[in-house]
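Report on the structure given below.
Not measured: the values here are computed from a predicted model.
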Amino acid sequence: FVGYVGSKVSILSCKSSTTAVAVDSYVGGFAGINYGTIELSFSEKSEIGAGYVGGFVGFNSGNISRCYSKEDVSCYSENDIAACAGGFAGGNNKNISNCYSLGNVMAISGNKFSCNTGGFVGENNSEATIDKCYALGYSRCTQMWAGGIAGNNKGIISNCVALGSEVNALVEKSGRITGENTGIIRN
């Protein structure tokens, strides 16, 4: 749909139905990077990439609410790039609320760098919040952390549910809500 959403941009009630494919980048079914506000929108095709890959947005530094993603996410990492894959967002730096993801998530890392895979978000950073969201698909990764909601949580996750049938990290940690948690989980 769009590669970059600026901080003064608001998007309301839109749909993306194009498969997104990119290497060494931010890949999302709806947006690659979001700094603005997105509401009542959805994506319905699969995403394949390296770096931050999400079913809806590759990396979020804005506000997203009442949105969803439907399809599978695959993230492959080589060279000096970490793999962060999520059913909804590859990475989150700000606010996501009342959203859900239906697709399965798989991340493969062929290097020394991390691989964070979440049914909803790959990496939820220290100032970030995820509230009233759920993930339905499985979460798998070859390195580091896999979680039903977040592979790695440093922020706040509240009122979220992971409904996926499998959460699996082949090398490090996996968990129903997070693979690694240094943040806050409520309810």
Side-chain angles (χ1 to χ4, degrees), residues 1-5 16-34 42-61 64 67-93 96 99-125 128 130 135-154 162 164-180:
F1 186 76
V2 66
Y4 176 87
V5 178
S16 172
S17 58
T18 303
T19 298
V21 178
V23 178
D24 300 346
S25 189
Y26 299 95
V27 182
F30 192 86
I33 301 174
N34 175 51
F42 69 95
S43 63
E44 61 181 8
K45 290 291 181 178
S46 60
E47 286 64 58
I48 302 168
Y52 288 93
V53 183
F56 189 80
V57 64
F59 196 85
N60 179 53
S61 284
I64 301 175
C67 297
Y68 69 91
S69 60
K70 288 176 65 173
E71 296 297 328
D72 296 344
V73 174
S74 298
C75 183
Y76 304 94
S77 177
E78 294 180 5
N79 304 325
D80 295 338
I81 297 171
C84 290
F88 190 83
N92 181 37
N93 258 1
I96 301 174
C99 296
Y100 63 92
S101 63
L102 302 177
N104 297 313
V105 184
M106 177 68 184
I108 298 171
S109 179
N111 61 33
K112 63 186 178 200
F113 291 92
S114 67
C115 173
N116 298 315
T117 306
F120 190 77
V121 65
E123 185 174 77
N124 193 45
N125 292 316
I130 300 172
L136 188 60
Y138 66 70
S139 173
R140 298 178 186 157
C141 73
T142 60
Q143 305 253 355
M144 301 304 280
W145 304 304
I149 294 295
N152 186 4
N153 178 50
K154 300 172 192 170
S165 60
E166 178 184 346
V167 178
N168 188 357
L170 297 179
V171 176
E172 293 286 331
K173 300 177 190 174
S174 61
R176 176 54 56 191
I177 299 298
T178 66
E180 174 72 1

(Q) I'd like to check F88 versus I130 (side-chain heavy atoms, cut-off strictly below 4.5 Å). Are they in contact? (A) no

Q) Looking only at heavy atoms, which two atoms of S139 and A146 are closest? And how far apart? A) OG-CB, 3.9 Å

Q.
Restricting to non-hydrogen atoms, name the atom on V167 and the atom on R176 that form the minimum distance, rounded to 0.1 Å.
A. CG2-NH1, 4.2 Å

Q) Taking all atoms of both residues into account, what is the closest heavy-atom pair of M106 and T142, and its distance? A) CE-CG2, 4.3 Å

(Q) Once rounded to the nearest 0.5 Å, what's the spacing between atom OH of Y138 and atom CG of D72? (A) 6.0 Å

Q: Please answer whether the main-chain N or O of G51 pairs with a side-chain N or O of S25 as donor and acceptor at a distance below 3.5 Å.
A: no

Q.
Counting C-beta onward and ignoring hydrogens, is there a side-chain heavy-atom pair between I96 and F120 closer than 4.5 Å?
A. yes

Q) Is there a side-chain contact between I108 and Y76 (heavy atoms, below 4.5 Å)? A) yes

Q: Kindly write out the residues that satisfy ring-ring contact (aromatic ring centres under 6.0 Å, His included) with Y68, not counting sequence neighbours, or none if the list is empty.
A: F42, Y100

Q: Taking all heavy atoms of S101 and all of G119, pick out the closest pair and write down the distance.
A: OG-O, 2.9 Å

Q: Mind running side chain to side chain contact (heavy atoms under 4.5 Å, CB included) on N116 and W145 for me, showing each step along the way?
A: CA-CA 5 Å; N116 298 315; W145 304 304; 2.9 Å; yes

Q: Nearest 0.5 Å please: distance from the CZ atom of R140 over to the CG atom of N104.
A: 7.0 Å

(Q) Can you tell me how far apart CD1 (I149) and CG (N124) are? Round to the nearest 0.5 Å. (A) 10.5 Å

Q: Grab the two heavy atoms, one from S61 and one from N93, that are nearest each other, plus how far apart they are.
A: OG-CB, 3.4 Å

Q. Relative to each other, are the rings of Y52 and F59 parallel, tilted or perpendicular (30° and 60° limits)?
A. perpendicular

**Q.** Spatial distance of atom CG (N153) from atom OG1 (T178) [nearest 0.5 Å]
**A.** 6.0 Å

Q | Which atom of G86 lies closest to which atom of V105, heavy atoms considered | A | C-CG2, 3.8 Å

